[in-house]
Chemist: 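Mind having a look at this structure? Questions to follow.
This one's a predicted model, so the numbers in the text were calculated from it and none came from an experiment.
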There are 2 protein chains.
Amino acid sequence: MGPGRQLAPTEAAVLGLLAYGESSGYDLKRAVDRSVGYFWGPAKSRIYTVLPRLVELGYATRRDVVQRNRPNKQVYRITRAGRAAIREWLSEPSGPTPDRNPLLLKVFFGDQADPETVLEHVRARRAQAEQLKRELDELDRAACEGDDADYPALTRVYGREWAEAMIRWANHVERELTHSRTPKSSRK
Amino acid sequence: MGPGRQLAPTEAAVLGLLAYGESSGYDLKRAVDRSVGYFWGPAKSRIYTVLPRLVELGYATRRDVVQRNRPNKQVYRITRAGRAAIREWLSEPSGPTPDRNPLLLKVFFGDQADPETVLEHVRARRAQAEQLKRELDELDRAACEGDDADYPALTRVYGREWAEAMIRWANHVERELTHSRTPKSSRK
DNA sequence: ACCACCATGTAACAGGTTACATGATTAA
DNA sequence: TTAATCATGTAACCTGTTACATGGTGGT
């Protein structure tokens, strides 16, 4: 038994979903897209790579399901060790923020291009944020289960908060970069 | 001359900083930390790896600087092709959002641990956000140059907006998860 | 006839991290 | 004497991506 090097995020995501019931790689890919997809969206190939790994580690078992009229499946089921592994992972601190924002990099060096270029990037990102809000509304409607602590709902609230911050910022950038070519430092 | 496969973010960051004047890997590491560090912070080894690459691509030149009383340097200077490469990179759309938020993953699966665990993560993140705000204030004070379009300042505004969204969200989570163990769905 | 969905995987590559290795000078 | 700063790099590893490969079934 692996004494326990800790879980990578995708491993944790897959294992976490597996905790709600056994499923195949194909199923998991869809489950990911419909749940954690907007803040953790691995390629399907990654899911298929991760699953045998989890079996190796003793965190899941694999079972062959024969089907007629469609391809057979490999169905995975979480083990007790697997559940322990998630709890373990959940209790470890997640490293600092995930920095890494290529858009900001482009804005930072914006003086090496013309303002229009930067504006396009920012507007595109704002459109994405608006799209995200719509998707979150969709998810809210689809979920709508709960009373007690609804954790997925909390992540949707985050998504919305993030999207709104993004939109506010985009508007700010637009104001700064368009009409007001006047020397002005309106530090908020 | 490389016809141009496009720049990776770290390459762009290094090249972008090089545009303000020649410098060594060591200098660049510090420049990164003091400028784009809070949204793009590569390890120093990455910087040292990237620099010779940029020379290979014809985007920078390297020059040996002999020093007394301290180690010699390799000093890099951006070329005309290098400047063109940044403009090129700036004009390309940056892919969607960088999803990838391990903290949210932990929150999402929060029901597989106890609420206290989740709260600790969220509080830790809020503390980081508050720290970031302080650092941004610091940077604002240090910068304070400009009239005309001040791009770095725009990225700091983003940082602040992000931090504040994070703090609001953390407070929300705290309210939801602490005293109110009551079945309630206060969809904002 | 064609496309979408079901279903699984491999191979090549990219982009990054940590840890290791070295060594002089200067300030406390 | 001990630690920080200056200074550069390599090696091993991890996590992830895209593109490729295959093939039956069911709806339009």
Chemist: Is it the case that more than 12 heavy atoms not belonging to B/Arg53 sit under 6.0 Å from its CZ atom?
Modeler: no
Chemist: Just checking B/Arg100: base, sugar-phosphate only, or nothing, at a heavy-atom cut-off of under 4.0 Å?
Modeler: sugar-phosphate
Chemist: How many Å lie between CZ on B/Arg70 and C1' on D/dT5, as a whole number?
Modeler: 8 Å
Chemist: With a 4.5 Å limit on heavy-atom distance, are the side chains of B/Arg160 and B/Asp137 in contact?
Modeler: yes
Chemist: Among B/Val14, B/Val55, B/Leu54, whose side chain to side chain contact (heavy atoms under 4.5 Å, CB included) with B/Tyr76 holds?
Modeler: B/Val55
Chemist: What does B/Arg30 touch in the nucleic acid at a heavy-atom separation under 4.0 angstrom: a base, only the sugar-phosphate, or nothing?
Modeler: sugar-phosphate
Chemist: Between atom CG in A/Asp33 and atom C1' in C/dC6, what is the gap in whole Å?
Modeler: 15 Å
Chemist: Using a distance-only criterion (donor-acceptor N/O pair, under 3.5 Å, no hydrogens), is the base of D/dT8 paired with the side chain of B/Ser24?
Modeler: no
Chemist: Please give, in whole Å, the distance from C/dT10 P to A/Lys44 NZ?
Modeler: 12 Å
Chemist: Looking at A/Lys106 and B/Glu92, is there a salt bridge between them, counting it only when a charged N and a carboxylate O are closer than 4.0 Å?
Modeler: no
Chemist: At under 4.0 Å between heavy atoms, what does A/Thr10 touch on the DNA or RNA strands: base, sugar-phosphate, or nothing?
Modeler: sugar-phosphate
Chemist: Using heavy atoms to find the nearest nucleotide of DNA chain D for B/Pro71 and A/Glu11 separately, return the residue whose nucleotide is more 5′.
Modeler: B/Pro71
Chemist: Which nucleotide sits closest to the side chain of B/Arg46: C/dA7, C/dG16, D/dG16?
Modeler: C/dG16
Chemist: Can you check whether any acceptor in the base of C/dT10 is under 3.5 Å from a donor in the side chain of A/Thr49, or vice versa?
Modeler: no
Chemist: What is the distance, to the nearest angstrom, from the CG atom on B/Asn72 to the C1' atom on C/dG23?
Modeler: 12 Å
Chemist: Given D/dC6, D/dG9, C/dT18, which nucleotide is nearest the side-chain atoms of B/Ser45?
Modeler: C/dT18
Chemist: Of the options C/dG16, D/dG26, D/dT8, whose atoms approach the side-chain atoms of B/Lys73 most closely?
Modeler: D/dT8
Chemist: Which sits closer to the 5' end of DNA chain C, A/Tyr76 or B/Trp40, going by the nucleotide each is nearest to?
Modeler: A/Tyr76
Chemist: Is the distance from OP1 or OP2 of D/dG9 to the nearest side-chain N or O of B/Arg62 less than 4.0 Å?
Modeler: yes
Chemist: In this structure, how many angstroms lie between the P atom of C/dG9 and the CG atom of A/Leu51, rounded?
Modeler: 8 Å
Chemist: Mind checking A/Ala8 for me? I need base, sugar-phosphate or nothing, with any heavy atom below 4.0 Å counting as a touch.
Modeler: sugar-phosphate
Chemist: How many whole angstroms separate atom CZ of A/Arg5 from atom P of D/dC14?
Modeler: 8 Å
Chemist: Atom OH of B/Tyr48 to atom P of D/dT10: distance rounded to whole Å?
Modeler: 12 Å
Chemist: Among D/dC20, C/dA7, D/dA7, which nucleotide has an atom closest to any side-chain atom of B/Gln67?
Modeler: D/dA7
Chemist: Looking at A/Arg100, I'd like to know if its CZ atom is crowded, meaning that more than 12 non-hydrogen atoms belonging to other residues, nucleotides or ligands lie closer than 6.0 Å.
Modeler: yes
Chemist: Rounded to the nearest angstrom, tell me the gap between atom CZ in B/Arg68 and atom P in C/dG23.
Modeler: 24 Å
Chemist: Do B/Val32 and B/Trp40 have side chains that approach each other closer than 4.5 Å (heavy atoms only, starting at C-beta)?
Modeler: no
